[in-house]
Amino acid sequence: MSRPELTGHASLFYNAKEARKYDTSSRMIGVQREITERAIELLRLPPNRPCHVLDVGCGSGLSGRVLEEQGHVWVGCDVSRDMLDVANERILRDESDDEEDDESGEDNAMDEGKGKGANTTFKPKGDLMHHDMGTGLPYRPSTFDGCISISALQWLCYSNATGQIPKRRLLRFFSNLYQVLRRGARAVLQFYPETAEQAILISECASRVGFAGGIVVDYPNSAKAKKHYLVLSFDRAYKGDQGLAATSSTALAQKGVRTDEDFGSNGNGNGRDKQKVHKKKRGGIKTKEW
């Protein structure tokens, strides 16, 4: 199978069947969790307080679930309605469970003579929007404390509809992202470049609108586990974050790292053709700062 980005518009590829498959695969859930946790680590959010985080290309809400578990409120946007339907079902289901827990907590508190309102634990939530990130981001300036994106950014490097120009869509996206983030915030966008040129195009477009930052590559010597994270900052004195490293598949296994081989794909869990993953003559993509 070719890369999903080459098969057409993302909203067509991620149909109802694919969305369900994406959200119920234990291997997919595991690898998405690990990537999201790494993205949040690179985001460097203020400790000990909930933050408002934008999740671009949120899909079925797997990354949003990790944000919630770490105590953050999030807003997700995605171009696939079917993916958002799955995410919304999970959010509604969690809200229903929370209401039952609250009612049970209030009953227990009254039984103990503490009165109502004893159960006041903050429970972070997510919200969803159907939107194509290539047309910009329709949020107010300085809204978010940070932004993550998991396995979505590379879609902007392809023209899957009449009038779509990749560079123009990338510039529009980054320009709007620059506006909706609070000053001092970061964005961490994990993506799968097909070529080194795509990674360079993405980083140059981000730089052009005013971002500082660079591409952090985890496990650069592993064809299966290598992951690219575009880390964006307002800090012009930004110094590149250190990528994770391991020398062999055995070392990766010892660290508990899931490789692309573990879930039957070359990088995004969609069963891409492994033979097209890496062109050895390019020598991989090194961390780039600007």
Side-chain angles (χ1 to χ4, degrees), residues 1-6 21-22 25-44 55-57 59 62-63 66 148-158 186-204 206 213-233 238-290:
M1 180 184 294
S2 63
R3 290 176 64 103
E5 298 88 356
L6 298 174
K21 177 181 176 183
Y22 193 96
S25 167
S26 59
R27 290 178 295 179
M28 174 58 67
I29 293 171
V31 75
Q32 289 292 95
R33 171 175 290 276
E34 289 176 3
I35 295 174
T36 304
E37 289 174 346
R38 175 59 169 154
I40 295 173
E41 176 187 345
L42 292 169
L43 206 54
R44 296 186 183 178
D55 185 356
V56 178
L62 296 178
S63 48
V66 179
I148 65 169
S149 179
I150 309 300
S151 310
L153 185 60
Q154 70 274 2
W155 282 90
L156 293 182
C157 294
Y158 300 85
R186 276 188 170 199
V188 179
L189 317 173
Q190 181 270 330
F191 66 107
Y192 293 102
E194 183 178 15
T195 64
E197 287 76 14
Q198 282 188 356
I200 293 171
L201 173 63
I202 287 171
S203 61
E204 286 181 345
I215 295 177
V216 176
V217 183
D218 282 355
Y219 310 113
N221 297 320
S222 170
K224 302 298 182 182
K226 181 160 63 174
K227 297 292 184 295
H228 297 76
Y229 298 83
L230 179 65
V231 181
L232 301 177
S233 170
Y238 169 87
K239 294 182 179 180
D241 292 87
Q242 185 67 39
L244 302 180
T247 57
S248 67
S249 58
T250 301
L252 289 170
Q254 291 173 346
K255 290 175 177 287
V257 175
R258 294 172 184 262
T259 65
D260 296 333
E261 189 175 43
D262 290 335
F263 61 105
S265 80
N266 72 353
N268 74 346
N270 292 316
R272 298 175 187 163
D273 186 352
K274 295 181 181 180
Q275 296 179 353
K276 295 184 178 181
V277 181
H278 296 285
K279 299 179 180 179
K280 292 185 179 180
K281 63 181 181 180
R282 297 187 182 278
I285 302 170
K286 298 180 180 179
T287 300
K288 171 182 171 61
E289 297 174 33
W290 58 80

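The residues of the chain are indexed from 1 along the displayed sequence. We use all heavy atoms of the structure for the numbers below, so side chains are in, but hydrogens, waters and symmetry mates are not. Quick caveat, the model's predicted, so the values are computed rather than measured.
The two residues T36 and I148 have their closest heavy-atom pair at CG2-CD1, 4.0 Å. Closest approach of V56 and S149 over heavy atoms only: O-OG, 2.8 Å. Heavy-atom minimum distance, L43 versus R186: CD1-O, 3.2 Å. Closest of all the heavy-atom pairs between S233 and Y238 is CB-CD1, 4.1 Å. Of all non-hydrogen atoms in L230 and A206, the two that sit nearest each other are CD2-CB, 4.4 Å.
Using a 4.5 Å heavy-atom threshold, the side chains of Q198 and F191 count as separate. When side chains are defined from C-beta on, E194 does not count as touching E5, because their heavy atoms never get closer than 4.5 Å.
Panel note: side chain Q190, backbone Y229; no donor-acceptor pair is recorded below 3.5 Å. S203 places a side-chain N or O within 3.5 Å of a backbone atom of A199 that can act as its donor or acceptor partner.
Comment: R38 does not engage E34 in a salt bridge, judged by the lack of any side-chain N to carboxylate O separation of less than 4.0 angstrom.
Rounding to the nearest 0.5 Å gives a distance of 12.0 Å between CG of L244 and OG of S222. In this structure, M28 CE and S151 OG are separated by 7.5 Å, a value rounded to the nearest 0.5 Å. Note: E197 CD to C157 SG = 11.0 Å, rounded to the nearest 0.5 Å. Distance check, rounded to the nearest 0.5 Å: CD1 of I202 to NE2 of H228 gives 10.0 Å.
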If you apply the rule side chain to side chain contact (heavy atoms under 4.5 Å, CB included), what do you find for L232 with L189, and how did you get there? CA-CA 8 Å; L232 301 177; L189 317 173; 4.2 Å; yes

